[in-house]
Amino acid sequence: MAQQGLTSFFESFLKRDPLFRQKKVLQDTYTPEEILHRDDEIKQIANVLAPALRMERPSNLFLYGKTGTGKTLCAIYTTNHIIQVAQDKGIPIRIVYLNCKLRRVADTEYRLFAQVLGELDMQVPATGLPTEEIYNLFVKVIEQKKQIFILILDEIDQLLKKTGDGIIYNLTRLNTQLKNSQISLIGISNDVMFIDNIDPRARSSLSEEEITFAPYNALQLQEILRRRSKIAFKEGVLDEGVIEKCAAYAAREHGDARRALELLRVAGEIAERQESPKVTIEHIDIAEDKIERDRVLDIIAQQPKQQQAALHAIIALAEKRPEIIYTGEVYEVYQKLCPEMGLRPLTQRRLSDILAELDMLGIINAKVISKGRFGRTREISLAISEQTADKIKKILEKG
DNA sequence: GTCAATTCACATGAAAGAGACCACGGTCTAGTG
DNA sequence: CTAGACCGTGGTCTCTTTCATGTGAATTGACGA
């Protein structure tokens with residue numbers, strides 16, 4: 001019986017008219033033909049990179065701006081074009097793009113070089129070799145022929161935070177060793193503060209040129225959404241005001257275009273699932289909710305056991321007393337909780353770091369305060385809705 | 001009442017250890033001709 | 001003779017612990033008005 005129901009479900013699914021024409025246009029892997037409202041930035045990038053076509057080393061370039069302001073998109077877009085020209089004219093330019101944020105990709109010096117070598121068709125082991133060797137191998141590969149080598153490091157702040165700024169120094173110093181080739185760097189960061197916190201020498205060599213990406217405003221977001229939705233959705237599927245609302249939501253969150261597009265896509269998916277003939281404003285609200293919850297649940301599922309235990313302790317405390325919680329209390333509850341979860345309790349020192357990590361992930365709000373005579377501690381509160389916290393608790397209790 | 005010293009409860013840093021993972025080279029073993 | 005299994009060594013990387021140092025304001029207590 002249930003199976004029959006399933007068959008008819010699939011059949012009616014097929015019969016149903018999809019709202020989407022090309023969903024992939026709304027996904028963030030998609031590179032549009034034309035980038036709106038970023039003409040100046042693209043021109044600037046092109047200006048900096050153009051000397052490469054004359055086999056001169058382009059200045060190192062540093063792009064920064066908040067997430068979803070099109071930094072990566074513009075960088076890739078521009079470099080794609082340059083590569084095309086270079087290929088037509090037979091100019092040896094090599095561009096490698098790396099995202100340093102993804103774990104296990106390029107968050108250490110070793111892995112950075114390993115990744116780059118991988119891009120250059122040189123497979124190297126993920127670990128086990130001395131960094132020095134990888135470094136030399138990299139130099140050898142680059143030096144094989146005369147070329148301009150451009151390395152795009154996305155989310156470079158993550159890399160530098162972990163490895164220190166010596167890596168920039170190494171990379172720029174490399175140019176004095178190289179005879180045939182030249183390397184330039186394009187650093188991309190969405191942490192505006194981070195550039196102030198690195199060594200001034202590294203800073204000046206990294207950002208010989210600097211471009212700031214301002215957030216999109218609501219009107220610009222609307223245009224972007226309109227342009228994309230024309231391709232992504234069938235005609236007349238979007239209800240009045242849907243795009244405006246999407247744009248408004250995203251503009252509130254520092255003009256994040258990626259978020260706006262995701263919102264629209266998820267809203268579309270929800271509408272489709274509800275067999276609604278149109279995407280309405282209500283769908284946006286549901287989508288907003290769902291995205292947030294999915295994001296949080298996803299992050300938590302990926303966390304190691306210890307982090308989960310810490311979060312469990314915080315949720316347990318927050319349930320009892322919704323006011324503010326302090327580090328010491330969390331540690332007490334956490335210690336009791338550990339044996340239940342089959343864990344060995346860590347030191348308070350470590351828990352302190354874990355709390356800071358959870359804060360970074362946006363799951364909790366933790367602020368260091370001084371209570372004067374009564375010491376210094378973190379003021380902790382949950383940064384997620386009660387329903388989400390409840391859901392998390394159930395998942396954590398199941399183990 | 002004012003002001004500097006004190007004090008608390010952690011935060012924050014640095015260094016070092018444990019254990020997982022991996023490559024590499026050498027040795028051993030079994031299978032093959 | 002050779003391919004493959006099986007060490008031991010040396011390397012990276014992540015997560016932790018240990019030890020040390022830092023920190024900001026409420027509190028205290030001395031001081032003077």
Side-chain angles (χ1 to χ4, degrees), chain A residues 98-118 121-141 153 155-167 170-171 191 193-194 196-199 299-314 317 321 323-339 341-361 363-381:
Chain A
L98 279 187
N99 188 332
C100 311
K101 188 176 179 181
L102 305 174
R103 275 165 86 77
R104 314 231 149 239
V105 171
D107 51 2
T108 70
E109 191 164 3
Y110 180 98
R111 292 223 260 255
L112 175 77
F113 284 120
Q115 268 309 307
V116 174
L117 285 168
D121 301 324
M122 278 285 291
Q123 283 313 315
V124 287
T127 168
L129 297 179
T131 308
E132 184 73 14
E133 202 163 308
I134 294 289
Y135 188 79
N136 291 336
L137 193 61
F138 173 69
V139 173
K140 214 175 95 194
V141 171
L153 296 173
E155 319 244 2
I156 194 173
D157 44 330
Q158 300 289 324
L159 174 67
L160 297 197
K161 211 182 288 166
K162 278 208 160 168
T163 60
D165 31 34
I167 211 170
N170 277 345
L171 277 169
D191 183 354
M193 297 309 296
F194 124 96
D196 296 327
N197 295 332
I198 63 174
D199 180 70
I299 291 174
I300 290 167
Q302 283 175 15
Q303 288 304 302
K305 287 252 169 200
Q306 292 289 357
Q307 269 81 338
Q308 293 186 357
L311 184 62
H312 197 164
I314 295 170
L317 269 169
R321 316 185 328 232
E323 324 91 77
I324 283 154
I325 305 166
Y326 301 109
T327 306
E329 302 171 306
V330 175
Y331 189 60
E332 268 178 45
V333 177
Y334 158 82
Q335 271 181 312
K336 276 189 220 133
L337 221 55
C338 270
M341 296 177 74
L343 292 172
R344 188 178 52 88
L346 302 176
T347 50
Q348 183 155 340
R349 172 72 187 83
R350 179 63 187 134
L351 186 82
S352 176
D353 281 347
I354 289 177
L355 291 176
E357 284 165 30
L358 289 175
D359 181 35
M360 283 282 292
L361 292 169
I363 299 170
I364 63 174
N365 295 315
K367 204 170 124 206
V368 179
I369 53 137
S370 175
K371 290 192 293 166
R373 190 60 205 272
F374 306 108
R376 240 161 91 87
T377 184
R378 282 197 165 84
E379 263 186 9
I380 299 162
S381 60

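Quick note on labels: first sequence line is chain A, next is B, and so on, each numbered from 1. We use all heavy atoms of the structure for the numbers below, so side chains are in, but hydrogens, waters and symmetry mates are not.
Shown here are the side chain to side chain donor-acceptor pair (under 3.5 Å) partners of A:Gln308, two or more places apart in sequence or in another chain: there are none. A:Glu329 is linked by a side chain to side chain donor-acceptor pair (under 3.5 Å) to A:Arg321, counting only residues two or more places apart in sequence or in another chain. For A:Asp353, the side chain to side chain donor-acceptor pair (under 3.5 Å) partners are A:Arg349, not counting sequence neighbours. Under the salt bridge (Lys or Arg N to Asp or Glu O under 4.0 Å) criterion, A:Glu357 pairs with A:Arg350, not counting sequence neighbours. The side chain to side chain contact (heavy atoms under 4.5 Å, CB included) test applied to A:Ala366 returns A:Asp359, A:Ile364, A:Arg378, A:Ile380, not counting sequence neighbours. By the side chain to side chain contact (heavy atoms under 4.5 Å, CB included) test, A:Val116 pairs with A:Leu98, A:Leu120, A:Phe138, A:Phe149, A:Leu151, sequence neighbours left out.
Rounding to whole angstrom units, CZ of residue A:Arg344 and C1' of B:dG19 are separated by 12 Å. A:Leu112 has its CG atom 15 Å from the C1' atom of C:dT12, to the nearest Å. The CD-C1' distance, from A:Glu357 to B:dA11, rounds to 15 Å in whole Å. If you measure from atom CZ of A:Arg350 to atom C1' of B:dA18, you get 14 Å, rounded to the nearest angstrom. One atom, OH of A:Tyr331, and another, C1' of B:dA11, lie 15 Å apart when rounded to the nearest Å. Summarising the geometry, the separation between CD on A:Gln302 and C1' on C:dT14 is reported as 17 Å, rounded to the nearest angstrom. At whole-Å resolution of the value, CD in A:Gln307 and P in C:dT14 are 14 Å apart. Counting to the nearest Å, the C1' atom of C:dT16 and the CG atom of A:Leu355 are 15 Å from each other.
Residues A:Tyr334 and A:Gln348 bring no donor and acceptor atom of their side chains to less than 3.5 Å of each other.
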Please list each protein N or O that sits under 3.5 Å from an N or O in nucleotides 26-29 of chain C, with the distance.
| from | atom 1 | to | atom 2 | distance (Å) |
| --- | --- | --- | --- | --- |
| C:dA26 | O4' | A:Arg373 | N | 3.1 |

Grab the N/O contacts between the protein and nucleotides 19-21 of chain C below 3.5 Å, and write none if there aren't any.
none

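Of the candidates B:dA11, B:dC10, C:dT17, the closest approach to any side-chain atom of A:Gln348 belongs to B:dC10.
For A:Arg376 and C:dT23, a side-chain-to-base donor-acceptor distance below 3.5 Å is present, hydrogens and geometry of angles not being considered.
Applying the side chain to side chain donor-acceptor pair (under 3.5 Å) test to pairs two or more places apart or on separate chains, those with a residue in residues 367-377 of chain A are A:Thr327-A:Thr377.
The residue A:Thr377 sits close only to the backbone: its heavy atoms come under 4.0 Å of sugar-phosphate atoms, none of a base.
Within the 4.0 Å cut-off from OP1 or OP2 of B:dC10, not a single side-chain nitrogen or oxygen of A:Ser352 is found.
Nearest heavy atoms, A:Leu346 versus A:Tyr331: O-OH, 2.8 Å.
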